[in-house]
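Data block below; observations after.
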Number of protein chains: 2
Amino acid sequence: MIDSESGVPVYRQLADIVRRQIECGELAPGQRLRTEPEYEFEYGISRASVRRAIAILRQEGLITTSRSGSRVRTVRAMAEVPIGDETRVTTRMPTEMERRQLGVPEGVPVFVVEQDGDQQILAGDRTALIVKAGRD
Amino acid sequence: MIDSESGVPVYRQLADIVRRQIECGELAPGQRLRTEPEYEFEYGISRASVRRAIAILRQEGLITTSRSGSRVRTVRAMAEVPIGDETRVTTRMPTEMERRQLGVPEGVPVFVVEQDGDQQILAGDRTALIVKAGRD
DNA sequence: ACGTATTTGTACGTATGTATC
DNA sequence: AGATACATACGTACAAATACG
């Protein structure tokens with residue numbers, strides 16, 4: 001299970017375990033994770049370590065957490081936004097203000113799309129950029 | 001300074017203070033932040049709260065932290081990568097493995113560039129995508 | 001509708017390890 | 001070698017939102 005002597009931090013070990021469960025579908029999108037005390041007792045680690053592990057997965061955009069527990073993030077429908085010639089695209093984490101305005105959970109980056117001196121911020125969890133020839 | 005009665009968590013208040021210092025240039029890129037004990041005593045909060053505040057800024061991509069302290073992230077030279085027609089671009093946070101492989105710090109998202117069934121992962125802190133007409 | 005239990009959130013403290021200066 | 005500074009990990013307590021009977 002979890003080996004506190006392995007050199008790998010226990011919170012990271014738990015994050016790895018749950019991440020694998022998500023990746024292999026053992027924990028399906030929308031499904032609830034176990035509660036913090038459950039992980040705590042099952043793996044014999046402190047609640048602080050459990051919370052750190054869960055925070056990692058949240059930052060990776062794999063789960064969302066509410067007062068009633070954590071769930072595997074469901075895949076959002078991606079709006080395919082066409083971008084045209086001379087467009088410059090970068091990506092970064094949103095400020096907290098941007099996060100609220102865009103309505104994106106933790107662990108979701110944003111696109112910064114610049115064209116003609118005009119700048120647009122797009123939520124990374126529901127936007128795919130498609131290069132369309134001849135478009136602007 | 002920091003008001004523990006304000007309703008806003010103290011770790012968030014500290015994160016807000018330091019973020020503002022970074023945004024207004026009071027803390028310049030490359031410059032060291034104060035040490036954890038310094039924040040602890042200056043604001044009269046626990047070290048755990050200081051560490052949470054610093055973790056927030058790291059996740060936002062604003063600072064990097066090493067054993068010798070935290071520094072404001074310097075802006076990396078952006079390689080402008082041309083992308084051509086029918087390319088699909090998404091963004092997300094990297095897995096930890098990807099982070100190590102790409103050599104990007106915490107708080108830096110990646111581009112996923114798909115073209116002709118080929119998929120490429122690009123570091124978000126040193127890549128800008130430019131749509132170039134006629135390119136593939 | 002109400003109280004209770006559950007579950008996460010915040011905040012503190014302590015101790016020890018390890019890399020850096 | 002010693003001091004500094006961050007990293008890990010444990011514990012406690014209480015608050016607040018949610019779910020349940």
Side-chain angles (χ1 to χ4, degrees), chain A residues 1-19 22 27 30-73 96 99-100 105-107, chain B residues 1-19 27 30-60 62-73 96 99-100 105-107:
Chain A
M1 294 278 215
I2 284 184
D3 176 15
S4 53
E5 315 288 309
S6 76
V8 181
V10 297
Y11 68 85
R12 198 172 295 280
Q13 291 183 55
L14 178 56
D16 291 341
I17 288 171
V18 179
R19 190 188 303 105
I22 293 172
L27 280 170
Q31 191 175 341
R32 276 197 62 184
L33 271 61
R34 294 220 246 277
T35 68
E36 292 173 1
E38 275 169 356
Y39 283 124
E40 189 180 341
F41 295 125
E42 283 202 31
Y43 292 98
I45 62 181
S46 73
R47 195 180 153 209
S49 298
V50 173
R51 285 181 63 75
R52 277 193 86 169
I54 289 176
I56 287 179
L57 302 175
R58 201 166 43 234
Q59 290 153 29
E60 290 176 350
L62 295 177
I63 65 171
T64 60
T65 303
S66 75
R67 252 20 217 275
S68 59
S70 291
R71 291 174 182 279
V72 181
R73 261 201 27 219
E96 208 181 286
R99 254 192 49 219
R100 276 196 301 265
E106 274 185 72
Chain B
M1 295 275 216
I2 285 185
D3 176 14
S4 53
E5 314 289 308
S6 75
V8 181
V10 296
Y11 68 85
R12 198 172 294 279
Q13 291 182 55
L14 177 56
D16 292 342
I17 288 171
V18 180
R19 189 188 304 105
L27 280 170
Q31 191 175 341
R32 276 198 63 183
L33 271 61
R34 294 221 246 279
T35 68
E36 292 174 0
E38 275 169 357
Y39 284 124
E40 188 180 342
F41 296 124
E42 283 202 31
Y43 292 99
I45 62 180
S46 74
R47 193 169 157 221
S49 297
V50 174
R51 287 181 60 75
R52 277 191 85 170
I54 290 175
I56 286 180
L57 301 176
R58 200 166 44 233
Q59 289 152 31
E60 289 175 350
L62 296 177
I63 65 171
T64 60
T65 303
S66 74
R67 249 24 211 275
S68 59
S70 291
R71 290 174 182 279
V72 181
R73 259 199 30 216
E96 208 181 285
R99 255 193 47 223
R100 276 197 299 266
E106 276 186 70

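Because the structure is a prediction, the values reported are computed rather than measured. Reminder, nothing fancy here: chain letters follow the sequence lines and each chain counts from 1.
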C:dT8, OP1 or OP2 - any side-chain N/O from A:R51 closer than 4.0 Å?
no

Whole angstrom value for the distance that separates P of D:dT4 from OH of B:Y39
19 Å

Pairwise distance CD1(A:I63) to CZ(A:R32) - rounded to 0.5 angstrom
11.5 Å

Quick check on DNA chain D: between A:R47 and A:Q13, whose nearest nucleotide comes earlier from the 5' end?
A:Q13

Determine: side-chain N/O of B:S49 to OP1/OP2 of C:dT10, distance under 4.0 Å, yes or no.
no

In whole Å, I'd like the distance from the CD atom of A:E40 to the P atom of C:dT7.
12 Å

From the candidates C:dG9, D:dC10, C:dG13, the one with an atom nearest any side-chain atom of A:S46 is D:dC10

Can you name the one residue among A:V18, A:L27, A:L57 that meets side chain to side chain contact (heavy atoms under 4.5 Å, CB included) with A:V72?
A:L27

Which of the following nucleotides, C:dT18, D:dC10, C:dC12, is nearest to the side chain of B:R67?
C:dT18

Using the closest heavy atom to pick a nucleotide of DNA chain D for each, name whichever of A:I45 or A:S66 lands nearer the 5' end.
A:I45

Can you figure out which of C:dT10, C:dT8, C:dT20 approaches the side chain of B:S68 most closely?
C:dT20

Looking only at side-chain atoms of A:R32, point me to the closest of D:dT8, C:dT7, C:dG17.
C:dT7

Can you measure A:I2 atom CD1 to D:dA9 atom C1' for me and round it to whole angstrom units?
12 Å

Determine yes or no for a side-chain-to-main-chain donor-acceptor pair under 3.5 angstrom, with B:R71 supplying the side chain and B:G30 the backbone.
yes

I need the A:R12 CZ to B:E96 CD distance, nearest 0.5 Å.
4.0 Å

Here the distance between atom P of D:dT8 and atom CD of B:E36, to the nearest Å, is 11 Å

Would you mind reading off the distance between B:F41 atom CZ and D:dA5 atom P, rounded to a whole angstrom?
11 Å

Quick one: B:L57 CG to D:dC6 P, roughly how many Å, whole number?
14 Å

Just checking B:S4: base, sugar-phosphate only, or nothing, at a heavy-atom cut-off of under 4.0 Å?
nothing

Could you go through A:Y43 and A:V50, starting from their C-alpha distance and side-chain angles, then the distance that decides it, and tell me whether this counts as side-chain contact (heavy atoms from CB on, under 4.5 Å)?
CA-CA 9 Å; A:Y43 292 98; A:V50 173; over 6 Å; no

Nucleotide paired to D:dA19 in any strand shown, Watson-Crick or G-U, under 3.5 Å:
C:dT4

Separation of C:dT10 P from B:E5 CD (nearest whole Å):
16 Å

Given atom CG of A:L14 and atom P of D:dA9, what is their separation to the nearest angstrom?
11 Å

Under 4.0 Å between a side-chain N or O of B:Y11 and OP1 or OP2 of C:dA11?
no

